J.: 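A single structure is presented below for examination.
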Amino acid sequence: MNKTEQARLDMARKMLKGQIEVEEVAMISEVPLQQVQKIREELDAHERKMLGGVTVREMGLENIMIDNEILDEREVETDLYAKDNP
């Protein structure tokens with residue numbers, strides 16, 4: 001994968017994190033729709049893990065921006081807490 005392809009994938013991922021529709025992301029980023037859908041599924045799986053089984057879109061909170069760095073920090077804190085309290 002060259003740098004241009006990687007940049008397009010990174011852009012698509014950031015757009016999806018910003019709750020932009022899959023079709024729009026594919027059109028703007030020039031990443032194939034199937035690949036964008038796969039990225040959306042990966043992000044949803046991560047979000048479900050961090051938010052207790054649901055995504056922001058499933059809760060009907062599409063207009064709320066989720067800071068994914070906070071989710072990443074929560075994962076670390078949760079893992080540390082789980083080790084202390086089995």
Side-chain angles (χ1 to χ4, degrees):
M1 175 180 312
N2 64 33
K3 289 183 180 182
T4 302
E5 291 171 357
Q6 185 60 48
R8 286 182 179 152
L9 290 174
D10 291 343
M11 177 175 59
R13 184 174 297 278
K14 288 177 184 177
M15 292 171 71
L16 289 168
K17 286 180 179 180
Q19 305 303 329
I20 298 175
E21 294 296 322
V22 173
E23 294 80 11
E24 289 182 64
V25 172
M27 181 181 67
I28 294 168
S29 67
E30 298 179 1
V31 174
L33 181 60
Q34 294 81 9
Q35 196 167 6
V36 174
Q37 288 171 330
K38 183 178 178 187
I39 294 169
R40 168 85 276 157
E41 291 168 4
E42 291 170 2
L43 292 173
D44 283 350
H46 179 71
E47 214 172 282
R48 281 188 189 96
K49 179 181 175 191
M50 296 296 99
L51 298 177
V54 295
T55 67
V56 171
R57 290 178 297 111
E58 291 169 346
M59 289 188 288
L61 305 173
E62 297 91 2
N63 295 327
I64 295 177
M65 297 293 287
I66 296 293
D67 184 347
N68 288 288
E69 291 179 18
I70 292 173
L71 291 179
D72 293 341
E73 289 173 13
R74 180 172 177 228
E75 181 177 16
V76 171
E77 292 171 7
T78 303
D79 290 344
L80 292 175
Y81 182 76
K83 290 177 187 173
D84 294 336
N85 297 310

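Quantities reported herein were computed from a predicted structural model and do not represent experimental measurements.
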J.: How far does CG of L9 sit from NZ of K14, to the nearest 0.5 angstrom?
T.: 12.0 Å

J.: R13 vs K17, test: side-chain contact (heavy atoms from CB on, under 4.5 Å). Steps then yes/no.
T.: CA-CA 6 Å; R13 184 174 297 278; K17 286 180 179 180; 4.0 Å; yes

J.: How far does CD of Q6 sit from NZ of K3, to the nearest 0.5 angstrom?
T.: 11.0 Å

J.: Would you mind reporting whether E24 and M15 have side-chain heavy atoms less than 4.5 Å apart?
T.: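 No; the side chains remain at least 4.5 Å from each other.
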
J.: If you measure from CD on E5 to CD on Q35, what distance do you get to the nearest 0.5 Å?
T.: 8.5 Å

J.: On a heavy-atom basis, which atom in L16 and which in V36 lie closest, and how many Å separate them?
T.: CD1-O, 3.8 Å

J.: Tell me, do V25 and V31 make a side-chain contact under 4.5 Å, heavy atoms counted?
T.: no

J.: Ion pair present between R40 and D44, side-chain N to carboxylate O less than 4.0 angstrom?
T.: yes

